[in-house]
There are 2 protein chains.
Amino acid sequence: MTLDERKKKVLQAIIRDYISTAEPVGSRTIAKKYELGVSPATIRNEMADLEELGYIEQPHTSAGRVPSDKGYRYYVDCLMKKQKLTEQEETIILGRYKTKVQDIGTVLRQTNSILSGITKYTSMVMGPQFTKSNLRYVQLVPFDSNKALVIVVTDSGLVQNKILDLPQSVTEVDLQKISQVMNAKLQGVSIDQIKLTLIKEIYYELSKHKHIFDAAMDLIQETLDLNHEEKVYLAGTLNILNQPEFRDLGRVRTLLSLLEQEKVLKEILSEGSSSETGISVTIGAENRVDGLKDCSTITATYQIDGRTVGSVGIIGPTRMDYEKAVCIVEFMTCHLSKIMKDFYGH
Amino acid sequence: MTLDERKKKVLQAIIRDYISTAEPVGSRTIAKKYELGVSPATIRNEMADLEELGYIEQPHTSAGRVPSDKGYRYYVDCLMKKQKLTEQEETIILGRYKTKVQDIGTVLRQTNSILSGITKYTSMVMGPQFTKSNLRYVQLVPFDSNKALVIVVTDSGLVQNKILDLPQSVTEVDLQKISQVMNAKLQGVSIDQIKLTLIKEIYYELSKHKHIFDAAMDLIQETLDLNHEEKVYLAGTLNILNQPEFRDLGRVRTLLSLLEQEKVLKEILSEGSSSETGISVTIGAENRVDGLKDCSTITATYQIDGRTVGSVGIIGPTRMDYEKAVCIVEFMTCHLSKIMKDFYGH
DNA sequence: TGTTAGCACTCTGCCATGTCGAGTGCTAAA
DNA sequence: TTTAGCACTCGACATGGCAGAGTGCTAACA
């Protein structure tokens, strides 16, 4: 189903115009603004064809045309030219990062806020997955007479902590000992795998210290039973209020309450991870999440050591500036990968 | 400026009615719904008086009356009866808490979400202030060949961490030593005070270890230069979309973008901390934050060991159900104080 | 003196109506 | 195949009339 040159041009003109004005676009406008060298009447004929093929739609008789999801899809796949950010835009973005990388959460938050600020859409960033990281360090610290604080650090820089109840008999020295054994056995192992195999070895090691054995095993179990949820950062939710398609309060509510659910954000972001090119555009009804049927998302992943560890995405109306947005998302993920590389410096 | 009995009753009826219907209330409605034993005409006279005194207002001629800020203030101070939650409501609230307290952030988040869920307003919770807590434990952990992770734990259960660059010469053993010295000297001291006096002692202690002295001092400086911002949790922002006074998108945008700024939230919450009773109601234009002039806030503080460590608040339209809301906020802070007490168990 | 009934008046919200402009589809001519 | 012309459709907007809610005022009443 390939379109002839002129149809492509008309479709492109419609989409470009609609993206920038948010108004149904008529034959006259196209003839005037985009120099196709033909009269409105001719364009009307082309438009009738395009409508029949499903690339554009008419909100009602005697209104202009509006791109359909299929139209956007064609645009994204075939018509859109891949842009590059200008030198200037890149420096603006880079300038917004605070200088020093001190912790990974801050970097992700910054990235997120820059992304939503530049694109004017809503953006999300998902951090490295805790369970897929390797354990770097475990420490049990006495907290008060009958509680201990557990700190688990992964090599992707994530730190998790929680407080455990401590059996009476366990002393500070015992905690130290347990920490040591765990570190010795578990360092460098991925959090995922720890539960399965290695605990036996710890059993063996600790069996030399009979008096705390039972208590210790409970503690280790609890220690590793951490909150495995990876965090999703969200920014620029209010940007949707500036989109004319969200002048309706009901819609705003629906979308915002979707965005409050981390589950949904993860679902959106997981879309991209399957794609080979790393960047993925989902348009309107292609979205698996109900209630996002008139939104589009662009997602991409970032890497540490070539290993995909997280993703980044934006959400906007289907009338999104795909050309620009794709290019910004791409730049941000690249840069994020680069930061990670510098930070973990191999 | 004390009102006679009947005026009080009329004002109370107007406010009650307006709170529940959000419609300007007329003399007829009051005469019918609230049994004052007089005719609408009489009530009209009373209303004219009340309007002259500034307790109520008329949106336009031939509309009913609406309470003014002054009217609400009088209601809150004099007319409102202090309610108590029913047994049943209390069990519902308590039931929403997940059983085990594992970390302080989770407790605060839960409290927040319960509060906004029950009141149907937007709620905020501010955690213990990091700088006012006492240091419980510091640990420098090697992260990779030239970085270390610092973990600082306070006795209010806050954990902060960040990554530092490490000078070449410092070994794992050195880090351990530095941690030890810091723990020995700083445990139990409030974060506020650490910077001022105690660092000298550490200087002295570490001067025995000449070879790492300079590096160590830098590290300690950096360690203590943590992010001092206390976190404010926000929940139920979308609840405002259900309030008829926010049917207007512009207003929604103004309010939501205010709520995105942590600074503003802190300003709101700080209101209450000056009050003696612990609970504080701010109505409409009383609000210092511009853009909150047609909102009311109710804030209260919670304690650990009788020491005020954080606060809790809700934001709603001035047409807020003060009676109910005050009572819920009060209950929540009491309960929060109780949780804290159990948790830190003295 | 306080309370009430009655009445004229005002303002909003709603609906029906009419008009204007934008845009289309169709047809016939170039 | 392209274009000009024309009739038609639909939404946006302004207008006017009407109903309903509520008030303020006045005069009568207890």
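Atom set for the values below is all heavy atoms of this structure, side chains included, hydrogens, waters and symmetry mates excluded. Letters A, B, ... mirror the listed sequences (proteins, then strands); counts begin at 1.
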State plainly whether the residues A:Glu89 and A:Lys324 are in salt-bridge range, i.e. N to O under 4.0 Å. yes
Under 4.0 Å between a Lys/Arg side-chain N and an Asp/Glu carboxylate O for B:Asp77 and B:Arg73?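 Yes, this pair counts.
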Short of 4.0 Å, heavy atom to strand atom, which residues of residues 25-33 of chain A count as contacting DNA chain C?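 Nucleic-acid contacts, sorted: A:Gly26, A:Ser27.
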Numerically ordered, the residues 34-50 of chain B set in heavy-atom contact under 4.0 Å with DNA chain C is B:Val38, B:Ser39, B:Ala41, B:Thr42, B:Arg44, B:Asn45
End axis versus end axis in the helix from C:dT1-D:dA30 to C:dA30-D:dT1, the angle rounded to 10°, five pairs used at each terminus: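 It works out to 20° between the end axes.
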Heavy-atom count around B:Arg96 CZ within 6.0 Å, excluding the residue itself: above 12? yes
Heavy-atom count check: over 12 atoms from other residues, nucleotides or ligands less than 6.0 Å from B:Lys263 NZ?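 Not more than 12 within 6.0 Å, no.
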Chain A contact limits on DNA chain C, taken 5' to 3' with a cut-off of 4.0 angstrom to heavy atoms: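 Footprint of chain A along DNA chain C, 5' to 3': C:dA22 to C:dG25.
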Run A:Glu271 and A:Arg288 through salt bridge (charged side-chain N to carboxylate O under 4.0 Å, His left out) and show every step you take. CA-CA 9 Å; A:Glu271 187 66 40; A:Arg288 280 177 306 187; 3.3 Å; yes
If I take atom CD in residue B:Glu23 and atom C1' in nucleotide D:dG22, what distance separates them, rounded to the nearest angstrom? 13 Å
Could you pull out the closest heavy-atom pair between B:Glu245 and B:Arg251, with the gap in Å?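 Shortest heavy-atom contact: O-NH1, 3.0 Å.
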So, for B:Leu3 and B:Lys8, which heavy atoms are closest and what is the spacing to 0.1 Å? O-CE, 3.4 Å
Hey, could you give me each pair passing salt bridge (Lys or Arg N to Asp or Glu O under 4.0 Å) that has a residue in residues 233-242 of chain B? Not counting sequence neighbours. none
N/O donor-acceptor pair under 3.5 Å between B:Tyr121 side chain and B:Gly117 backbone: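 No.
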Are B:Tyr34 and B:Asp17 linked by a side-chain donor-acceptor pair shorter than 3.5 Å?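 A pair is found: one side chain offers a donor N or O, the other an acceptor, under 3.5 Å apart.
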What I want to check is whether the side chains of B:Asn112 and B:Ser123 have a donor and an acceptor closer together than 3.5 Å. yes
Run the side-chain donor-acceptor check on residues 23-31 of chain B: report pairs under 3.5 Å with partners two or more places apart or on a different chain.
from	atom 1	to	atom 2	distance (Å)
B:Ser27	OG	B:Arg44	NH1	3.3

